[in-house]
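Note sheet for the following structure.
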Amino acid sequence: MRRCEMVKEKKEKFKNTGKVAVYPGSFDPITYGHIDVVERALEIFDKVIVAIAENEEKRPLFSVEERLQMVRTIFKDTPNVIVDSFKGLLVDYVAKTNAKVSLRGLRATSDFEYEFHMASMNRSLSTQLDTLFMMTSKDYFFVSSRTIKEVARLGGGVEGLVPDLVVRRLREKFKLPVTKRKRIGWDD
Ligand code: PNS
């Protein structure tokens, strides 16, 4: 598909879609904590755009194409979720959609300072954008993409914290055996 057709298609997707929230992040990789936020946001918004940031400075484990593929597969049966990627400023990306809200998950007070700075900076860049925080559910408040990668790299089990597809992709990335490694003391 040609680029101008892709842009047209994207604009169509974002048109007349009711209340829309953009959920931006690195999603490197997506976890059940992120998925929980999306699912709960769908109770409030008509559409959620999961917007994967293309930020090579963060040296992601998964390329943006790999992350798009994983997240699209995970939400393939959820038509109200659009999975997209963006480069540059979030406020510029959001301006191309009909969203007015950027959605972020808050796990603990330690997240607050970073999130507060980011929300304040975004607000100073654009008064058209508000940031809405959702508390991550208690089952996932300790789950972060960073710790998932560390545990997986060292051969620990991350089943139940990320979808099976992500478990498989992590194993492939870290060239770990395919055999399922259970978390110690956990029954399936
Ligand atoms: O999952 P992350 O890494 O915490 O997500 C951070 C993200 C991608 C939301 C943030 O870095 C971002 O919005 N990047 C786009 C660049 C931008 O707009 N920066 C100004 C806000 S401080």
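Scope of the values below: all heavy atoms of this structure, side chains included, with no hydrogens, waters or symmetry mates.
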* To do: Give the minimum heavy-atom separation between S26 and I52, together with the two atoms involved.
  => O-CG2, 3.8 Å
* Can you measure from CG (L125) to CG (D92) and round to the nearest 0.5 angstrom? => 8.0 Å
* Asked: Stepwise, does the side-chain contact (heavy atoms from CB on, under 4.5 Å) test hold for I30 with I35?
  -> CA-CA 7 Å; I30 190 163; I35 294 168; 3.9 Å; yes
* Asked: With side chains defined as the heavy atoms from C-beta onward, is the minimum distance between L103 and V37 less than 4.5 Å?
  -> yes
* Structure fact -> Contacts of S145 meeting side-chain hydrogen bond (donor to acceptor under 3.5 Å, both in side chains) (sequence neighbours excluded), chain-then-number -> none
* To do: Taking the side chain as every heavy atom from C-beta outward, state whether E54 and P60 have any pair of such atoms under 4.5 Å apart.
  => no
* **Pairs touching residues 36-84 that satisfy ring-ring contact (aromatic ring centres under 6.0 Å, His included), sequence neighbours left out** => none
* Asked: Does a side-chain heavy-atom distance below 4.5 Å link D46 with V20?
  -> no
* Asked: With sequence neighbours excluded, what pairs up with E115 under the side-chain hydrogen bond (donor to acceptor under 3.5 Å, both in side chains) test?
  -> R104
* Might you point out which heavy atoms bring L176 and A152 nearest each other, and give the distance in Å? => CD1-O, 3.0 Å
* How is the hydrophobic cluster of F141 composed, in terms of its other members, when Ile, Leu, Val, Met, Phe, Trp and Tyr link through side-chain heavy atoms under 4.5 Å apart, directly or indirectly? -> none
* Asked: Out of curiosity, K87 NZ to N55 CG, how far, rounded to the nearest 0.5 Å?
  -> 11.0 Å
* To do: List in chain and number order the residues that pass ring pair (Phe, Tyr, Trp, His ring centres under 6.0 Å) with Y23, two or more places apart in sequence or in another chain; answer none if no residue qualifies.
  => F27
* With sequence neighbours left out, write down each residue that passes side-chain hydrogen bond (donor to acceptor under 3.5 Å, both in side chains) with D111, or none if nothing qualifies. => R107
* Say you draw a straight line from OG1 of T136 to CZ of F142; how long is it, rounded to the nearest 0.5 Å? -> 11.0 Å
* **Expected output: side-chain N80 to main-chain K47 donor-acceptor under 3.5 Å** => no
* To do: Could you check I49 against Y93 for side-chain contact (heavy atoms from CB on, under 4.5 Å), going step by step and ending with a plain yes or no?
  => CA-CA 11 Å; I49 303 169; Y93 174 75; 3.4 Å; yes
* salt bridge (charged side-chain N to carboxylate O under 4.0 Å, His left out): pairs with one or both residues in residues 55-69, sequence neighbours excluded -> E66-K173
* Quick one: do I148 and L170 satisfy side-chain contact (heavy atoms from CB on, under 4.5 Å)? Show the steps, please. => CA-CA 9 Å; I148 290 290; L170 284 163; 3.7 Å; yes
* Go through the structure and list residues passing ring pair (Phe, Tyr, Trp, His ring centres under 6.0 Å) with F174, not counting sequence neighbours. => none
* **Atom pair CG (L90) and CG (L129), whose distance is rounded to the nearest 0.5 Å** => 6.0 Å
* To do: State yes or no: do V94 and F133 share one hydrophobic cluster built from I, L, V, M, F, W and Y residues joined by side-chain heavy-atom distances below 4.5 Å, directly or via other members?
  => no
* Pairwise salt bridge (charged side-chain N to carboxylate O under 4.0 Å, His left out) hits with a residue in residues 136-154, at least two apart -> D28-K149
* To do: Output, in order, the C-alpha distance, side-chain angles, deciding distance and verdict of salt bridge (Lys or Arg N to Asp or Glu O under 4.0 Å) for R168 and D164.
  => CA-CA 6 Å; R168 289 199 298 277; D164 288 348; 5.4 Å; no
* Can you name the salt bridge (charged side-chain N to carboxylate O under 4.0 Å, His left out) partners of E172, sequence neighbours left out? -> R169
* To do: State, yes or no, whether a side-chain contact exists between Y32 and V158 at a heavy-atom distance under 4.5 Å.
  => no
* **Spacing of OG1 belonging to T147 relative to CG belonging to L161, to within rounding of 0.5 Å** => 8.5 Å
* Spacing of OG1 belonging to T97 relative to CG belonging to D84, to within rounding of 0.5 Å -> 9.5 Å
* Structure fact -> Applying side-chain hydrogen bond (donor to acceptor under 3.5 Å, both in side chains) to S102 and not counting sequence neighbours gives none
* **Shared hydrophobic cluster for M134 and V81 (ILVMFWY, side-chain gaps under 4.5 Å)** => yes
* Asked: Can you name the closest pair of heavy atoms from V91 and S126 and give their distance?
  -> CG1-CB, 3.8 Å
* Asked: Hey, does V101 have a side-chain heavy atom less than 4.5 Å from the side chain of V22?
  -> no
* Could you note down all residue pairs passing salt bridge (charged side-chain N to carboxylate O under 4.0 Å, His left out) where residues 117-126 supplies at least one of them, sequence neighbours left out? => R123-D130
* To do: Tell me whether L106 is reachable from V143 by hopping between hydrophobic residues (I, L, V, M, F, W, Y) whose side-chain heavy atoms are closer than 4.5 Å.
  => no
* Spell out, yes or no, whether V162 and V151 are grouped together once hydrophobic residues are joined by side-chain heavy atoms under 4.5 Å, including indirect joins. => yes
* Heavy atoms, side chains only, cut-off 4.5 Å: are H34 and V38 in contact? -> no
* Using the side-chain contact (heavy atoms from CB on, under 4.5 Å) rule, take Q128 and K100 through it: C-alpha gap first, then chi angles, then the decisive distance, then the call. => CA-CA 6 Å; Q128 307 295 303; K100 294 194 167 33; 5.7 Å; no
* Could you walk me through whether R171 and E159 pass the salt bridge (Lys or Arg N to Asp or Glu O under 4.0 Å) check? -> CA-CA 11 Å; R171 275 201 205 111; E159 284 81 5; 2.7 Å; yes
